[in-house]
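Heads up: the structure comes next, in structure tokens.
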Amino acid sequence: MENIKRNHKLEKITDEIIGYLGILAKLELTKEEKKRARRDLEEMLFYVDKLNELDTSEIEPDYQMCPFSNVFREDIVENGDNSKAALLNAPEKKEGGFLVPKTIEGEDTR
């Protein structure tokens with residue numbers, strides 16, 4: 001891709017931009033990785049810019065690639081509330097729930 005003709009509309013990807021993206025992504029990039037990231041970003045922006053050249057004035061906006069409506073099943077409760085059965089084996093209970101040992105420092109609310 002080295003011989004891609006660059007479009008004048010593209011913003012130049014600078015070392016500062018790559019450094020800032022590395023900070024945002026919490027990445028420590030080597031010089032070689034920064035160089036490759038810069039080249040990859042420039043190529044991505046080139047293709048996005050190329051897509052912006054397409055005439056889409058007569059194309060209606062579409063928010064879904066496939067003509068599916070709701071493909072999920074109806075959310076129906078089949079076995080009900082088994083909380084009482086679940087609590088039968090609980091060593092300790094409190095207000096209809098499991099009582100477990102405290103794991104965070106602070107006031108004990110047992």
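One is the number of the first residue; the rest follow in order along the sequence. Predicted, not measured: the structure shown is a model, and the values here were computed from it.
In the displayed structure, K93 atom NZ is contacted under 6.0 Å by more than 12 heavy atoms of other residues, nucleotides or ligands. At most 12 non-hydrogen atoms from other residues, nucleotides or ligands lie less than 6.0 angstrom from CG of N89.
Atoms CD and CG, on E92 and L99 in that order, are 5.0 Å from each other to the nearest 0.5 Å. With rounding to the nearest 0.5 angstrom, the OH atom of Y47 is 15.0 Å from the CG atom of N52. The NZ atom of K102 sits 10.0 Å away from atom CD1 of I104, with the distance rounded to the nearest 0.5 Å.
The main-chain N or O of I18 is never found under 3.5 Å from a side-chain atom of R38 such that the two would form a donor-acceptor pair.
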**OP:** Would you sort out whether E53 and K50 count as a salt bridge (Lys or Arg N to Asp or Glu O under 4.0 Å), showing the intermediate values?
**Re:** CA-CA 5 Å; E53 294 176 9; K50 205 67 171 147; 3.6 Å; yes
**OP:** Walk me through it: do T30 and E32 pass the test side-chain hydrogen bond (donor to acceptor under 3.5 Å, both in side chains)?
**Re:** CA-CA 5 Å; T30 64; E32 187 58 39; over 6 Å; no
Original post:
When you look at L41 and L21, which way does the side-chain contact (heavy atoms from CB on, under 4.5 Å) test go after all the steps?
Top reply: CA-CA 11 Å; L41 277 173; L21 289 174; 3.4 Å; yes
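Closest non-hydrogen pair, F98 versus A86, comes out as CZ-O, 3.7 Å.
For E42 and R39, the salt-bridge test fails: no basic side-chain N is under 4.0 Å from an acidic carboxylate O.
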